[in-house]
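Worksheet: one structure, shown below.
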There are 2 protein chains.
Amino acid sequence: MTSKPSHGQWQQVEEDIAHDILTGRLSPKTQLPREADLMERFGVGRHTIRRAISRLQSRGLVQVEQGRGTFVRDGRLEYRLSERTRFSQNLLDQGREPFGQAIREEEIPASASVAEALRLPRGEPVYHIVRRGLADEEPINFSNAYYPVRRFPGFDKARRDGRSVSLILAEYGIPDYIRLRTDILVRMPTPEEARHLDLSLDKPVIVSKKVDVDMKGTPIAYSESVWPGERVQFSVDNTSQLLDVLARNSDF
Amino acid sequence: MTSKPSHGQWQQVEEDIAHDILTGRLSPKTQLPREADLMERFGVGRHTIRRAISRLQSRGLVQVEQGRGTFVRDGRLEYRLSERTRFSQNLLDQGREPFGQAIREEEIPASASVAEALRLPRGEPVYHIVRRGLADEEPINFSNAYYPVRRFPGFDKARRDGRSVSLILAEYGIPDYIRLRTDILVRMPTPEEARHLDLSLDKPVIVSKKVDVDMKGTPIAYSESVWPGERVQFSVDNTSQLLDVLARNSDF
DNA sequence: AGTGATTTGTTCGTATGTATG
DNA sequence: CCATACATACGAACAAATCAC
């Protein structure tokens, strides 16, 4: 039994190729080997290769052109913004290995902007947790997260022990939560951000500001993350809303 | 009757202040006049001022602090990404005057990426429409839009005549459409983009790639827009999904 | 303009493993 | 243990698009 959640061979093929693309071993615009060659390389049938490639295509990693070949599209890491966004799941979906590193933790009074986002009075104590996110050893974000101390006493310790946010929140009686709002903007990095992201100072970073709320609508977390602009891409997918509309229309 | 969609007095106040913030006449961190002064300036009651400011707060343009005052937050133009996103409405909501300028129009065979987004065969003719978007005379985006010729013959001419996209689509029997997907990424501008956005070459731009589909799910438009990174901010608001959840929970 | 080589797209058939009841 | 359903995987043949000559 391996540690990876791979069942079929096609998933293994998908992960292998995705990994090569996302780590840059296969660069954009280059052509993938022919199906026949991939069959040989992985020792599987054509169905298996085609299924893997079909998935890579739907993930936007490759572009298939009949009669020409299959080409690598863009190695940017894709970060989906839905109300159900979970950081590590987003990465696992892309066949990348997420890893979080604690950098600093402190208890501070809420600043004006944090207090507003969490709907707390100004100065109310919050845990300020600074972390760095890695995917396959490569730094991809640097985040400042804030949690209300009064509601989650001891949160910092639980986090330090390595448990995931979802898990810890569950222990405080929050089985589920949703992403209420995400703001995205661009600016130049601070020296500290550039250092942690292994980025040069003249490369722009994307800033995402997010508020999570529990199922009653009460804010439980606010965070500002900084991402290397050249290595990520955000996407908003409204497919589920479209499906709702289609289902509704078919009633008539 | 004015050309602006303002109904109540509070909307007028909101628009006026929002306009000052978004055009930079009021810069971030500066303090707004006291409610009493605003009442005098606009010749309205306190209720009206408070309602306008409450809206500005929920839009993230100002930050209200009890006992201290109201402060301008960030002058970035906010562009909301929902399945119902409409360009000019987005701007009108913020009290800005949208204006579109045609730059180039041509009929070309679909490139690989355009064909994929519109789910057309490669080489299928599409209208390629290049435009520049302005808000209050200030350039805020530069877009390349693509529409299938076969489905919308004469679209380019209708657009040239100045009609809005929604209106033209309605004439082709598409009363409504939704935004299927939006991708957001950052890169440096091309010289042409920098020129049209009145931006220097070392300032990053945000690129948004969008696919609109009709109510049957068929793609009808694809566009790639470039925005000056320092002047805009994108936001994803899941409030409506939260309301759905709250309503569902209250059933029990 | 045409032909053949290359590459992906589609469809048929068959076999095996796994979960369900 | 058996029947059923489903996912997975291999093989093969032909269709369609692209490209080089």
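Values reported hereafter were calculated over all heavy atoms of this structure, with side chains retained and with hydrogens, waters and symmetry mates removed.
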Exercise for the section: Round to a whole Å and report the spacing from NE2 of His47(A) to P of dG11(D). Expected result: 10 Å
Handout entry: Residue pair Ser143(B) / Asn141(B), side-chain donor-acceptor N/O under 3.5 Å
Key = no
Problem - Rounded distance in Å - CD (Glu65(A)) to P (dT6(C)) - result: 19 Å
Handout entry: Ring centers of Tyr147(B), Phe155(B) separated by less than 6.0 Å
Key = yes
Practice task
Would you mind checking if Arg187(B) and Glu193(B) are paired as a salt bridge, meaning a charged N to carboxylate O distance below 4.0 Å?
Solution key: yes
Exercise for the section: Kindly say whether, by distance alone, the side chain of Gln9(A) makes a donor-acceptor pair under 3.5 Å with the base of dA9(D)? Expected result: no
Problem - Presence of Thr48(A) side-chain N/O under 4.0 Å of dT8(D) phosphate oxygens OP1/OP2 - result: no
Handout entry: Protein-nucleotide distance (Arg68(A), atom CZ; dA17(D), atom C1'), rounded to Å
Key = 11 Å
Exercise for the section: Check if the side chain of Arg50(A) and the base of dT7(C) share a donor-acceptor pair of N or O atoms closer than 3.5 Å. Expected result: no
Problem - Rounded distance (Å) that lies between atom P of dG9(C) and atom CG of Leu38(A) - result: 13 Å
Problem - Between P of dG9(C) and CD of Gln63(A), the distance in whole Å - result: 11 Å
Problem - Donor-acceptor pair between Gln233(B) and Arg76(B) side chains, under 3.5 angstrom - result: no
Handout entry: Whole-Å distance separating the CZ atom of Arg51(A) from the P atom of dT10(C)
Key = 16 Å
